[in-house]
Each structure stands twice: as structure tokens, then as C-alpha cells.
Protein chains: 2
Amino acid sequence: MTPLQLCKCLADETRLKIVMRVRQHGELCVCDLVDTLGQPQPTVSRHLSQLRECGLLAVRKDAQWAYYRLHEGLPAWAMDVLEALQAPVGKQFPLKPDQRSGCC
Amino acid sequence: MTPLQLCKCLADETRLKIVMRVRQHGELCVCDLVDTLGQPQPTVSRHLSQLRECGLLAVRKDAQWAYYRLHEGLPAWAMDVLEALQAPVGKQFPLKPDQRSGCC
DNA sequence: CCTGTATATTCGGATTTCCGAATTTAATGG
DNA sequence: CCATTAAATTCGGAAATCCGAATATACAGG
């Protein structure tokens, strides 16, 4: 995970939103992301694959659902970047439990 | 300057290097950047224009030279992002005064 | 003026990135 | 089995990005 790779991962609106929201919630399933992002499921899934392959996100699969989280092995500087980016964007999307899609 | 815009600015190897080096030195002229980046002058100039237009860099022109610096009006969270990114990349390019190109 | 140096801009094409549509895989429950 | 739901993948084309080459602009010094 180089700084350039991280920046490229975050240089797309959908991916940036995904990472920020996953960071806020600790763990999110794909259907929650699809609902709140308003983007078609294949699009979200493609971006998730990308974020997984570059080591930014990790998955946990439970039955038919997939739960994404920040990868534990992320270096400290990367976590610092995400924290700094959350300041202006993150606060705007506080997702209360009762606003969840409830799909899973 | 939104987080997405910042990430896009930094999602290119040349631009990332430019910003990190400018941040380290406070101010750098174009010819210094051209020399140390090993990229053709039009390429560097194009990236500098981009970074200027999005508000990341500011210019000071003195005679035939142009000196670039981080824009003073950058929000705190953006400065934090740059600081976090400097940890892994920045330390690798400490440019001592006697390693300057000396062109200006 | 004329030359040389520093920087910026333009233009076309090549490459990369992104997305829509359709399909596939996998797991669950009847 | 079959239908349904969640998620991933594939494919082709559209759109955005990047770069090389050439040119333009601006300034300094003779």
C-alpha cells in the first residue's frame, strides 16, 4: 500500500464514500452500501473488489452476506489520511441504526 | 477544495511528487522540479497548472522564474492529509541545498 | 532587435478508468 | 429440486485522463 495507490483508491466518488462509511461503521454489508449510495449493485461490487485487492478493505462472509471493514494491516499513515479526510465528508453521513436498510 | 478533488489531484505519481516536494521545501521553481522529476518540462507545467487551478498550489513569479508553494488558504484537514502522506514518501526525497539544480 | 532561457499552452492520439447490461455463483428456504 | 436473494464477474463501449510534440509567451542580456 503506497501513498499513490491509496490516493488512486480514494480518487473516485463512490469509492471515497464507501471507505468513509465503512470507516464510520466499522463493518457494513454490501446491500447497505448499495441502498445508501444509490448506485447499482454491480457498480458497488466492482469498487469493493478494487478496494479489497489493493488491501484497503477486508471481507467477512456470513451465509449469503458479505461484510466489509477497513483492513487491519493498514499502516498508521494510511489511517491518518482517512481520519483527516473524514473531517469534512464523514460528518455528513451519520447513519443511525434505524436508517439502515435492514436487508441483513 | 473537496476531499474528492484533493484525492484526484494526488492520484498521479508526478503530481504527488510535486506536492510532497513543494511541501518539504516551502517553495520550488519549475526548473528544479523538472530536473529532479526527470519529466519533460511541458508535462511538469501541465500538472502544475492543474494543481494551481484546483487551489492546491500558488505561484509567485519573479522575472522569468515561477516559484510554487502550497496555497495558504488550504483547509486544515487538507494539510493533515498531506502531512500523513509525507510520512512514507517524503522522507525519501530530502533535497539538500547543494543538490539543487542551481538553474535559478 | 536578437538570442537564449524559463514557462505555459495547444492539439491529437493513446491509454486508462468507469459504467451499463447481462450473466454467474452461492446460499437460503419452501 | 426450484425460486429467491446477495454478491461477484464479464464484456463492450463511453468517457476521462495522460502524454509527446510542437508552438507560444515572457523576460533578460548583449
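Keep in mind it's a predicted model, so treat the numbers as computed, not measured. Chain A is the first sequence line, chain B the second, and so forth, proteins listed ahead of strands; every chain is numbered from 1. Computation of the quantities below employed the complete heavy-atom set of this structure, encompassing side-chain atoms and omitting hydrogens, waters and symmetry-equivalent molecules.
- The NZ-P distance, from K61(B) to dC27(D), rounds to 9 Å in whole Å.
- You'll find that the side chain of R46(B) is closest to dT9(C), out of dA8(D), dT7(C), dT9(C).
- Taking atom CG of D62(B) as the reference point, atom P of dC27(D) lies 11 Å away to the nearest angstrom.
- For the pair L10(A) CG and dT17(C) P, the computed distance is 15 Å after rounding to whole Å.
- Side-chain contact between I18(A) and H47(A) is present, with heavy atoms from C-beta onward closer than 4.5 Å.
- Of the candidate nucleotides dA8(D), dA8(C), dC18(C), dA8(D) has the atom lying nearest to any side-chain atom of L48(A).
- Nearest-nucleotide positions on DNA chain C place T14(A) closer to the 5' end than the other of T14(A) and P42(A).
- Backbone-only contact: P40(A) has heavy atoms under 4.0 Å from sugar-phosphate atoms and none from a base.
- Looking at heavy-atom distances under 4.0 Å, Q50(B) makes contact with sugar-phosphate atoms alone, never a base.
- In this model, the phosphate group of dC18(C) is not approached by any side-chain N or O of T43(A) to a distance below 4.0 Å at OP1 or OP2.
- Considering every non-hydrogen atom in both L33(A) and L28(A), the closest pair reads CD2-CD1, 3.9 Å.
- Between the P atom of dC18(C) and the CG atom of L4(B) lies a distance of 11 Å, rounded to the nearest Å.
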Output a table of nitrogen or oxygen pairs between the protein and nucleotides 24-28 of chain C separated by less than 3.5 Å.
none

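- Of all nucleotides listed (dA7(D), dT17(C), dT7(C)), dT7(C) comes nearest to the side chain of A66(B).
- A donor N or O paired with an acceptor N or O is found under 3.5 Å between the base of dA8(D) and the side-chain atoms of Q41(A).
- Among dC19(C), dT7(C), dA8(C), the nucleotide with an atom closest to any side-chain atom of Q39(A) is dC19(C).
- The distance from atom CZ of R15(B) to atom C1' of dA16(D) is 12 Å, rounded to the nearest whole Å.
- When all heavy atoms of L74(B) and A78(B) are compared, the closest pair comes out as CD2-CB, 4.4 Å.
- Atom-to-atom, CZ of R52(A) to P of dA7(D) comes out at 12 Å; the value is rounded to the nearest Å.
- In terms of phosphate contacts, H47(A) brings no side-chain nitrogen or oxygen within less than 4.0 Å of OP1 or OP2 of dT17(C).
- For the pair W65(A)/V30(A), no side-chain contact is recorded, criterion being any heavy-atom separation below 4.5 Å from C-beta on.
- Taking the side chain of S45(B) as heavy atoms from C-beta on, and the options dA8(C), dC19(D), dA8(D), the nearest nucleotide is dA8(C).
- Distances from the side chain of D12(A) to the nucleotides dA8(C), dC18(C), dA7(D) place dC18(C) closest.
- Between Y67(A) and dA7(D), a side-chain N or O to OP1/OP2 separation shorter than 4.0 Å is absent.
- Side-chain contact between V59(B) and R52(B): present, with at least one pair of heavy atoms (C-beta onward) separated by less than 4.5 Å.
- No side-chain heavy atom of T43(A) sits less than 4.5 Å from a side-chain heavy atom of V34(A).
- Per the geometry, CD1 belonging to I18(A) stands 12 Å off P belonging to dA7(D), to the nearest Å.
- Rounded to an integer number of Å, the gap from Y68(A) OH to dA6(D) C1' is 11 Å.
- Here the straight-line distance linking atom CZ of R60(B) with atom SG of C29(B) works out to 10.0 Å at 0.5 Å rounding.
- No side-chain heavy atom of V81(B) sits less than 4.5 Å from a side-chain heavy atom of P3(B).
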